[in-house]
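Let me begin by presenting the structure, written as structure tokens, before commenting on it.
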Amino acid sequence: MGGALPNFELGPVEVARSLIGCTLLIHDVGGRIVETEAYDFNDEASHSFRGVTPRNKAMFGPPGTAYVYLSYGLHWCFNFVCRPVGQGAAVLVRALEPTDGVATMEIRRGTTDLRRLCAGPGCVAQALGLDRSFDGAVIQPPAIELLPPRMEVELSIGRRVGISKAVEQPWRFALKDSRFLSRRIALV
DNA sequence: CTTTCGATGATCT
DNA sequence: GATCATCGAAAGG
């Protein structure tokens, strides 16, 4: 029995959980989501914590849209915007298990190492061809397609990666025992 | 295998 | 001027 698509009317922790196992495709290229992180409103680690700026404006947009930003001046990162509306909550996609358009992703990434193709938020964006033009985009075909899990999903839960605030929050979610994660995750 | 560190430049204060 | 939701190469065990 398979799962359901996320309900973007819920908060980012619930959306981050339910995105695991879904398939994300950008123009038919992508794979199964195996790692996500929740960034809540009122969350010190979130870009939205200090209010709207030009960069994070899309984060305050409607649930079910994308927030795409440039990290460290070099890597694009893709988020799903969710509830509460106008408060700046989102889910970062950190890793995919490549399933569709692998040859395209290998060219974009410059490697044929399947495990490393989409292992990290910057890698995901590079493999899928994401950039600023997707910032604020609605999650809908043909550009952005999200498919529900085909099987039951078992989760691992741990702390978020690469942040210096609110580090104790267990808001990182992964497909249990996946080989395609950006880094190891704590067993919970 | 793990840890460290430099690149890199947009963004915000 | 400081920070940064990263990456990958290099160095160390």
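Computed over heavy atoms, backbone and side chain alike; hydrogens, waters and symmetry mates excluded. All chains are named by letter (A, B, ...) in the order of the sequence lines, taking the proteins before the strands, and each is independently numbered beginning at 1. If you're wondering where the values come from, they're calculated on a predicted model, not measured in any experiment.
With ring centers used as reference points, Phe78(A) lies 6.0 Å or more from Phe134(A).
Contact annotation for Arg109(A): backbone-only contact, meaning every heavy-atom pair under 4.0 Å involves sugar-phosphate atoms and none involves a base. Counting any heavy atom pair closer than 4.0 Å across all strands shown, Arg184(A) reaches sugar-phosphate atoms only and no base atom. Looking at heavy-atom distances under 4.0 Å, Ser182(A) makes no contact with the nucleic acid at all. Arg94(A) comes within 4.0 angstrom of sugar-phosphate atoms only, judged by non-hydrogen atoms across all strands, and of no base. Among the heavy atoms of the strands lying under 4.0 Å from Leu92(A) is at least one base atom, whether or not backbone atoms are also near.
Residue order along DNA chain C, read from the 5' end via each residue's closest nucleotide, puts Ser164(A) first among Arg116(A) and Ser164(A). In terms of position along DNA chain B, the nucleotide closest to His75(A) lies nearer the 5' end than the nucleotide closest to the other residue of the pair His75(A) and Arg132(A).
Rounded to whole Å, atom C1' of dA7(B) lies 8 Å from atom CG of Leu74(A). Between Lys57(A) atom NZ and dC12(B) atom C1' there is a gap of 17 Å when expressed in whole angstrom units. Following rounding to the nearest Å, Arg183(A) (CZ) and dT2(B) (C1') show an atom-to-atom distance of 11 Å. Straight-line distance from the CG atom of Leu70(A) to the P atom of dC12(B): 12 Å, rounded to whole Å. Nucleotide dA10(B) holds its P atom 16 Å from the CG atom of Asp135(A), rounded to whole Å.
A nucleotide of DNA chain C counts as in contact with chain A when one of its atoms lies under 4.0 Å from a heavy atom; the first and last such, 5' to 3', are dC4(C) to dG8(C).
Side-chain atoms of Leu146(A) and Leu19(A), non-hydrogen and from C-beta on, do get closer than 4.5 Å to each other. Between Leu155(A) and Leu175(A) the shortest side-chain heavy-atom distance does not fall below 4.5 Å.
Salt-bridge formation is detected for the pair Glu35(A)/Arg172(A): a Lys NZ or Arg NE/NH1/NH2 atom is positioned less than 4.0 Å from an Asp or Glu carboxylate oxygen.
A side-chain N or O of Asp131(A) and one of Ser133(A) form a donor-acceptor pair less than 3.5 Å apart. For the residue pair Arg116(A)/Thr111(A), the side-chain donor-acceptor check at 3.5 Å is not satisfied.
As the counterpart of dA5(C), no nucleotide is assigned, since no Watson-Crick or G-U wobble pattern has both distances under 3.5 Å.
Using cut-offs of 30° and 60° on the angle between ring planes, the pair Tyr67(A) and Tyr69(A) is parallel.
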